[in-house]
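Here is the structure we will look at, set down as structure tokens.
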Amino acid sequence: MYDPRQLQVLAEVARTGTYTAAADALGYTQPAISYQMRMLERSVGAPLVTRRGRGVQLTPEGRALARHAGTVLAALRTAEDELAALTAPEAGRVRLSAMQSSCVSLVPRALGTLRRTRPELEVTVTQAECRVSHGLLLEGAVELAVMCDLDFRELDFREKDKERDRERDTETGGETGTGRETEADRSDSTGGTPDSTGDPSVAVDPRLRRVPLLTDRRCVLLPADHPAAASPTVSLADLAGERWVLESGRTRFLAACRDAGFVPRIAATADDQLTLHSLVANRIGLAVMNELGVTAHFDPRVVARPLTDWPVRRVFALLWPDTLRIPAAAALLHALRDTAGPP
């Protein structure tokens, strides 16, 4: 049986890529990390890392064991928390990682409910991109994560863009093409806005449990007296002549505008939701925002209208199945579901 402490060292080496960084993270010396890795390799009977410049790279055996190490360490942390709850049933702590738009609406309301009903519980919240939250959950650094769909459609949009560029190259003899793409166009192809799920090839680990919370629509923010504000929904084609204030992650929006037959005039770029509201309120341009974020801000000068023909995203909680045995985690999940209402 492998030593859990050695598995923890392997997991940290896999995360940081160097023995020195792993030592700093765990509070060990670098020689101690080297020794623990040698002992683990001896137990496995195969090398787990190879040297790459100043760092190390996991071998296939190392990657396989590191993957299982994450599961083992998460299970040990869950056991620790469950036993702590059993020995102190009136107390408890739980760590939550959540995407930005949920941190300005859903999560604070759920925590407010929990504060009133279970004041003895301690909840620590980390705001993070969905991709990061997924990793924290696998590492056992948090008990729950609030995330949205992994957006495979984004890849489809980028493939359509590439096809359009190839067609333009054919028609113009190569004078246009991908060279027209700006840094802003590329900005959300991997990281995106704070709510993006990152690399569309990343999938939720099948060992984790997904609990639906709500569906979230994409909205246009308009001045309250804008003609389109009189309609319950709006389409991009109807707003072709407008100026826009956009987040830096805008690949899908630009592709949708092209599909609607126009190129948007960009008046400003901002990734802060309050800034977007203020720019719209002062008539700098229109903005797009997920409904979950819209509800966190109220300005009588601004209204939000859902976009037609824009796919909704599904917001969900993610956790290890055994986590529900921890009373504090189960209470937090219950508060999130009650706050979200029917998904």
Side-chain angles (χ1 to χ4, degrees), residues 1-83 95 97 126 128-145 147 149-152 155 190-191 196-211 316-326 329:
M1 183 178 296
Y2 302 131
D3 188 329
R5 291 170 297 182
Q6 294 172 358
L7 293 178
Q8 184 181 34
V9 168
L10 174 63
E12 202 60 37
V13 169
R15 187 182 71 85
T16 61
T18 71
Y19 282 6
T20 301
D24 290 342
L26 295 174
Y28 293 171
T29 63
Q30 195 272 346
I33 295 292
S34 298
Y35 173 78
Q36 294 290 348
M37 288 297 294
R38 287 198 303 272
M39 293 299 99
L40 185 56
E41 287 179 329
R42 182 177 298 175
S43 298
V44 172
L48 299 176
V49 296
T50 57
R51 294 286 180 180
R52 286 292 184 273
R54 296 184 178 181
V56 294
Q57 180 176 316
L58 295 184
T59 64
E61 294 86 354
R63 288 194 297 271
L65 186 55
R67 186 171 62 252
H68 290 295
T71 303
V72 170
L73 295 172
L76 288 173
R77 292 187 185 98
T78 298
E80 182 182 31
D81 289 342
E82 183 180 347
L83 289 172
R95 298 162 298 178
S97 181
T126 300
E129 296 180 6
C130 296
R131 172 175 48 83
V132 175
S133 291
H134 185 262
L136 292 174
L137 198 58
L138 290 177
E139 295 168 7
V142 297
E143 281 74 48
L144 279 87
M147 301 171 52
D149 307 82
L150 294 178
D151 202 348
F152 296 102
L155 182 61
T190 55
S196 73
T197 52
D199 185 345
S201 66
V202 176
V204 171
D205 191 298
R207 297 170 296 174
L208 300 174
R209 178 176 176 180
R210 174 172 166 156
V211 180
F316 56 92
L318 199 65
L319 66 159
W320 290 96
D322 286 350
T323 301
L324 288 177
R325 298 174 61 185
I326 303 171

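The figures here come from the full heavy-atom set of this structure, side chains too, leaving out hydrogens, waters and symmetry mates.
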(request) Output yes when a side-chain donor or acceptor of Arg210 lies under 3.5 Å from a complementary backbone atom of Leu319, and no otherwise. (result) no
(request) Compare all side-chain heavy atoms of Val132 with those of Ser97 and state whether any distance is below 4.5 angstrom. (result) no
(request) Give, for atom CG of Leu40 and atom CG of Asp3, the distance between the pair rounded to the nearest 0.5 Å. (result) 8.5 Å
(message) I'd like to know if the side chain of Gln57 reaches the main chain of Thr50, judged simply by a donor and an acceptor atom lying under 3.5 Å from each other, with no hydrogens or angles considered.
(response) no
Could you go through residues 8-21 and list every donor-acceptor pair under 3.5 Å that involves a side-chain atom there, pairing it with any protein atom two or more places apart or in another chain?
residue: Glu12; atom: OE2; partner: Arg15; partner atom: NE; Å: 2.8
residue: Glu12; atom: OE2; partner: Arg15; partner atom: NH2; Å: 2.4
residue: Thr16; atom: OG1; partner: Glu12; partner atom: O; Å: 2.9
residue: Thr16; atom: OG1; partner: Thr18; partner atom: O; Å: 3.1
residue: Thr18; atom: OG1; partner: Ala21; partner atom: N; Å: 2.9

(request) Mind checking the OG-CD spacing from Ser133 to Glu129? Nearest 0.5 Å is all I need. (result) 9.0 Å
(message) Whether the side chain of His134 engages the backbone of Asp205 through a donor-acceptor N/O pair (distance < 3.5 Å, no angle test) should be reported.
(response) yes
(message) Return the CG to CZ distance between Leu48 and Arg42, rounded to the nearest 0.5 Å.
(response) 13.0 Å
(message) Can you give me the closest heavy-atom contact between Leu318 and Leu208, atom names plus distance?
(response) CD2-CD1, 3.6 Å
(request) To the nearest 0.5 angstrom, please state how far the CZ atom of Arg5 sits from the CG atom of Leu26. (result) 12.5 Å
(request) Identify the residue among Val142, Leu144, Leu137 that makes a side-chain contact (heavy atoms from CB on, under 4.5 Å) with Thr323. (result) Leu144
(request) Would you check if Phe316 and Met147 make a side-chain contact, meaning some heavy-atom pair closer than 4.5 Å? (result) yes
(request) Give, for atom CG of Leu136 and atom CD of Glu143, the distance between the pair rounded to the nearest 0.5 Å. (result) 11.0 Å
(message) With rounding to the nearest 0.5 angstrom, report the OG to CD distance, Ser43 to Gln6.
(response) 5.5 Å
List the atom pairs, with distances to 0.1 Å, where a side-chain N or O of residues 60-73 and a protein N or O form a donor-acceptor pair under 3.5 Å, not counting sequence neighbours.
residue: Glu61; atom: OE1; partner: Thr59; partner atom: OG1; Å: 3.2
residue: Arg63; atom: NH1; partner: Leu58; partner atom: O; Å: 3.1
residue: Thr71; atom: OG1; partner: Arg207; partner atom: NH1; Å: 2.0

